[in-house]
There are 2 protein chains.
Amino acid sequence: MQAQEGSGRLNRRTVLGAALELVDEHGLDALSMRRLGQALGRDPMAVYRHAANRKELLAGVAELVLDEVEIFTDDAHWQIQLRRMAHEMRRVCLRHPNVVPLLVTGPLSTPLGLRPAGTLRPLEQILGILIRAGFAPGDALHVYRAFYGFLYGHILNELQELIVDPEENEALLQLGLQRLPLREFPHLRRLAPELLEYDGEHELDQGITILLAGLGQQLETTSEAYT
Amino acid sequence: MQAQEGSGRLNRRTVLGAALELVDEHGLDALSMRRLGQALGRDPMAVYRHAANRKELLAGVAELVLDEVEIFTDDAHWQIQLRRMAHEMRRVCLRHPNVVPLLVTGPLSTPLGLRPAGTLRPLEQILGILIRAGFAPGDALHVYRAFYGFLYGHILNELQELIVDPEENEALLQLGLQRLPLREFPHLRRLAPELLEYDGEHELDQGITILLAGLGQQLETTSEAYT
DNA sequence: ACCTGAACACCGTTCAAGT
DNA sequence: ACCTGAACACCGTTCAAGT
């Protein structure tokens, strides 16, 4: 929230940083060129020297967040590396929930080849992990897709179930579920207690275990890489 | 694109239908209260009698699309039912790619209990399938989360790889990949041919097979439902 | 009571005018 | 050559004025 008074020259990094701060604190809608200019203590038009337009600015914010994803490079088993990466990704997304829509739908229908490098880094990294583990490049791509798809799906699921104020959660949930017609939603209404105990980290970890187990079963006949 | 001339009374359904048409043809940004009013041949304010505000209008569009998801109710094996449902969901999403961001991030951080019934119907349906198959309700919830997370993740993946004009695809991909520094993206650059052959339906099907195999391995010790 | 449209407070972006 | 800010063409939403 601290306004960067109009001192010193602006660079892309500080512009994107201020933009991210705005999004984190007030949501995506709050990120307008004008408000960003104000937060920077500059003329709104000053932003245009560091981002071609609003879309490009949003893409920049997404890249900034992706850069927060720490990359572990050691020789741990590939399954452990994937698992660690998933948890790291999840943590970063929970730190910036308002940016997640940008991450998952930002480059929608932008040809893969034209996407900014920052967006492609996770893909390259996972491919590396898998190929070094002995997967054929084509298989690595399939595994990447299954893994990454699941990861993004989980994060979206978790954010949808995430409640800002857990104090109110129980009341809201009960109230909300009761509103649903019992005839149409018998199962959902009975699951209130389980829904309250949602543990995203554990759920993700279990999901990855399931996915890896399934992968193993599928690959052990066609490849000797899987161990 | 046919303008509904100002004849007859407006109802929520026709308003949402016109809104969906606008989104399908010109994207989410094109859906403004004013343009919608114009498409309906009415004063922009007329829309407010059928949707409280723009957000609510977008939620309505999302529900309208979800209603397109056909529900198969027969006594097929639960795995077959899940698989069929995934493909059906995928088809609907590909029919309305511009609406997908609404589906996956629309109700973000809206407590589950307060979400519109239309959004919760798939959850209820899957729970039903699983519980009828013999899963304990709690397990059914976990399976739902893994399944649905994966499904959404896959759809996002597929939409990101989807190219509007396949004619240009190859050129664009080659061009785009060449732009990436070879040192930083060695694996990705080598995978160009595989990336061109992406088959979303097959990829989804394989993914589900993997997931179900993993689920089986995980559940066969703790439950006798899995067959 | 219902409907209409003027008015308000915002937008992104362009571009002429200044330095 | 760079920077500034007025101007344009849009927004969502409110609300007073009409019927």
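Just so we're on the same page: letters track the sequence lines, and every chain starts at 1.
When both pairing distances are held under 3.5 Å, D:dA1 makes a Watson-Crick or G-U pair with C:dT19. If you check D:dA7 for Watson-Crick or wobble pairing at under 3.5 angstrom, you find it paired to C:dT13.
One interatomic measurement links the two molecules: CG of A:L36 to P of C:dC11, which rounds to 11 Å at whole-angstrom precision. The separation between B:L10 atom CG and C:dC3 atom C1' is 13 Å, rounded to whole Å. Separating the CE atom of A:M33 from the P atom of D:dA6 is a distance of 18 Å, rounded to the nearest angstrom. Nucleotide C:dC10 holds its P atom 15 Å from the CZ atom of B:R34, rounded to whole Å. D:dC10 atom C1' lies 11 Å from atom CZ of B:R35, rounded to whole Å. One atom, CG of A:D43, and another, P of C:dC11, lie 14 Å apart when rounded to the nearest Å.
Judged purely by distance below 3.5 Å, without hydrogens or angles, the side chains of B:H142 and A:E194 never pair a donor atom with an acceptor atom. With 3.5 Å as the limit, one finds no donor-acceptor pair spanning the side chains of A:N98 and A:H26.
Interatomic distance, A:M85 CE to A:W78 CH2, rounded to the nearest 0.5 Å: 14.0 Å. With rounding to the nearest 0.5 Å, the separation of CD1 in A:I129 from CD in A:E124 is 10.5 Å.
Using a 4.0 Å cut-off on heavy atoms, the residues of residues 44-61 of chain B that approach DNA chain D are B:M45, B:Y48, B:N53, B:R54, listed by number.
Residue B:D199 qualifies as enclosed at atom CG: its count of foreign heavy atoms under 6.0 Å is above 12.
At distances below 3.5 Å, at least one donor-acceptor pair connects side-chain atoms of B:R115 with backbone N or O atoms of A:Q160.
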